[in-house]
S.K.: 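Have a look at this one before I ask anything.
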Amino acid sequence: MVNKDVYYRGIRARLPRVLDRIAAAAERSGRDPAEVRIVAVTKGHAACAVEAVAEAGLRDIGENRVDELERKRAVLNDLAVNWHMIGHVQRRKAGPAARLAGLVHSVDSLRLAEKLSRLGEAEGRRVTVLVQLNVSGEATKGGFPEAEGLDAVATVAALGGLRVLGLMTMAPFVADEAVLRSTFRKTRAVMEAAAGTPGVEGRELSMGMSNDYEIAVEEGSTMVRLGTTLLGERPG
Ligand SMILES: *Cc1c(COP(=O)(O)O)cnc(C)c1O
């Protein structure tokens, strides 16, 4: 069992290199590194990993399962961090996802968007979301096909209980840099086309994981979702 101190030391050891790489990637594409936020992905790790991340100075925490988000929030309720839901949300879990995450990255269907919107409206607020694109078309990945992306953003953004801040995508697990780059570039193109659509209130691009975040930053990412490269391999 890895304890908080071990996590903390590991994160402190790894973080400078990650920050350097983000800065270098941003500079290569003429961007300000401050535009890129790290979402530390703590899925699969114990709650003490989240505390260690916060102690290391990171304030954005990503979880990919609603159950795990619920469990961790229950024991870390006083921790001043922003919680992000980055994985597929089953519609029956939409309630806790909307309540427990400040940003849902993974709105991957109209039915989920409608459910989240109804929950928001019932509570007199707007649930803050990103629309997930599936650029590669892989059956194992969620999200709207790229060709439908612009229409999907407009439809989701028109729902009264939602606030759309941008887009999220996952690149295929391939080493081919050209494929990764084109996935991110296409997502950014949809974001640029969608800017100005009524109800679209941000231009966030949640793109990039441990294996591809530098390319994602070069292609405009504003949120990199980093697990392994910050926390080490997930246990189990
Ligand atoms: C697990 C996960 C990540 C982080 O993966 P790493 O390769 O460990 O950085 C990012 N995004 C999503 C949606 C995930 O499920």
Side-chain angles (χ1 to χ4, degrees), residues 2 7 10-11 13-22 25 36-47 49-50 52-53 56 58-72 81-90 93-94 97 100-109 112 116 128-144 165-177 179-180 183-184 187 204-236:
V2 184
Y7 273 121
I11 295 161
R14 295 182 189 100
L15 185 57
R17 181 164 166 273
V18 172
L19 291 172
D20 283 350
R21 288 182 166 217
I22 290 172
V36 183
R37 208 181 333 168
I38 295 175
V39 177
V41 177
T42 50
K43 70 177 184 200
H45 293 283
V50 181
V53 166
L58 299 174
R59 284 285 171 266
D60 292 278
I61 305 294
E63 287 287 339
N64 81 326
R65 294 187 50 223
V66 178
D67 295 351
E68 196 171 338
L69 174 64
E70 270 184 305
R71 274 203 307 279
K72 286 182 185 159
V81 294
N82 310 310
W83 295 90
H84 298 247
M85 185 65 222
I86 62 171
H88 173 65
V89 178
Q90 294 170 281
K93 302 266 176 73
L100 299 172
L103 180 64
V104 179
H105 291 225
S106 39
V107 170
D108 54 9
S109 73
L112 174 62
L116 290 168
T128 308
V129 302
L130 304 178
V131 174
Q132 183 173 350
L133 291 194
N134 180 357
V135 173
S136 64
E138 290 169 290
T140 54
K141 288 207 159 59
F144 296 93
L165 288 191
L167 297 177
M168 182 270 223
T169 201
M170 285 175 82
F173 284 107
V174 294
D176 184 343
E177 186 182 318
V179 174
L180 300 171
T183 301
F184 299 137
T187 303
E204 300 288 344
L205 286 169
S206 170
M207 315 195 293
M209 305 174 31
S210 291
N211 62 316
D212 57 18
Y213 68 96
E214 293 166 88
I215 300 168
V217 169
E218 287 174 7
E219 297 301 332
S221 173
T222 64
M223 292 185 198
V224 288
R225 306 180 308 269
L226 304 180
T228 318
T229 201
L230 275 179
L231 292 147
E233 295 294 329
R234 286 177 278 277

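In this text, all values refer to a predicted model and were calculated from it rather than measured experimentally. For this chain, numbers begin at 1 and follow the sequence in order. Just so you know, ligand 1 is whichever comes first in the structure, and atom 1 is the first atom listed for that ligand.
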S.K.: Starting from atom 5 (O) of ligand 1, find the nearest protein heavy-atom neighbour and note its residue, name and distance.
M.R.: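 Residue, atom and distance for the closest contact: Met209 CE, 3.5 Å.
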S.K.: Any heavy-atom pair between the side chains of Leu226 and Val41 that's under 4.5 Å?
M.R.: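 Of all side-chain heavy-atom pairs linking Leu226 with Val41, none is under 4.5 Å.
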S.K.: At what distance is the nearest protein heavy atom to atom 4 (C) of ligand 1, and which residue and atom is it?
M.R.: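 Residue, atom and distance for the closest contact: Arg225 O, 3.7 Å.
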S.K.: Are more than 12 heavy atoms from other residues, nucleotides or ligands located less than 6.0 Å from atom CZ of Arg17?
M.R.: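 Counting other residues, nucleotides and ligands, CZ of Arg17 stays at 12 neighbours or fewer.
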S.K.: Below 3.5 angstrom, do we get any N/O pair linking Arg234 and ligand 1?
M.R.: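 Yes; the residue has a nitrogen or oxygen that sits under 3.5 Å from a nitrogen or oxygen of the ligand.
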S.K.: Need the ligand 1 atom indices (1-based, order shown) with element for anything under 4.0 Å from a heavy-atom of Leu226.
M.R.: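 Counting from 1, the qualifying ligand atoms are 9 (O).
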S.K.: Hey, does Ser210 come in under 3.5 Å of ligand 1, counting only N/O atoms on both sides?
M.R.: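 For ligand 1, there is an N or O atom that lies under 3.5 Å from one belonging to Ser210.
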S.K.: To the nearest 0.5 Å, tell me how far Glu214 CD sits from Ser221 OG.
M.R.: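 Taking CD in Glu214 and OG in Ser221, the distance rounds to 12.0 Å.
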S.K.: If we only count N/O pairs under 3.5 Å, is Val41 in contact with ligand 1?
M.R.: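 No, since none of the N or O atoms of Val41 sits under 3.5 Å from an N or O of ligand 1.
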S.K.: Suppose we measure from atom 12 (C) of ligand 1 to each protein heavy atom; which comes out shortest, and what is that distance?
M.R.: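 Result: Ile86 CD1, 3.4 Å.
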S.K.: Is the closest basic N to carboxylate O distance between Lys72 and Glu63 below 4.0 Å?
M.R.: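 Between Glu63 and Lys72 there is a salt bridge, with a charged N closer than 4.0 Å to a carboxylate O.
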S.K.: Any side-chain heavy atom of Leu100 within less than 4.5 Å of one from Glu70?
M.R.: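 Yes, close enough: below the 4.5 Å cut-off.
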S.K.: Could you identify the single nearest non-hydrogen protein atom to atom 8 (O) of ligand 1 and state the distance to 0.1 Å?
M.R.: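 The answer is Thr228 OG1, 2.5 Å.
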S.K.: About how many Å separate CD1 of Ile215 and CD of Glu177, when rounded to the nearest 0.5 Å?
M.R.: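 The CD1 atom of Ile215 is 4.0 Å from CD of Glu177, to the nearest 0.5 Å.
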S.K.: Heavy-atom distance under 4.5 Å between the side chains of Val53 and Ile11, does that happen here?
M.R.: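 SC-SC contact between Val53 and Ile11 confirmed.
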S.K.: Give me the nearest non-hydrogen protein atom to atom 1 (C) of ligand 1 as residue plus atom name, then the distance to 0.1 Å.
M.R.: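 Protein heavy atom with the smallest distance to atom 1 (C) of ligand 1: Lys43 NZ, 1.5 Å.
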S.K.: Heavy-atom contacts with Asn64 under 4.0 Å: which atoms of ligand 1 show up? List them by number with element.
M.R.: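 The atoms of ligand 1 under 4.0 Å from a heavy atom of Asn64 are 15 (O).
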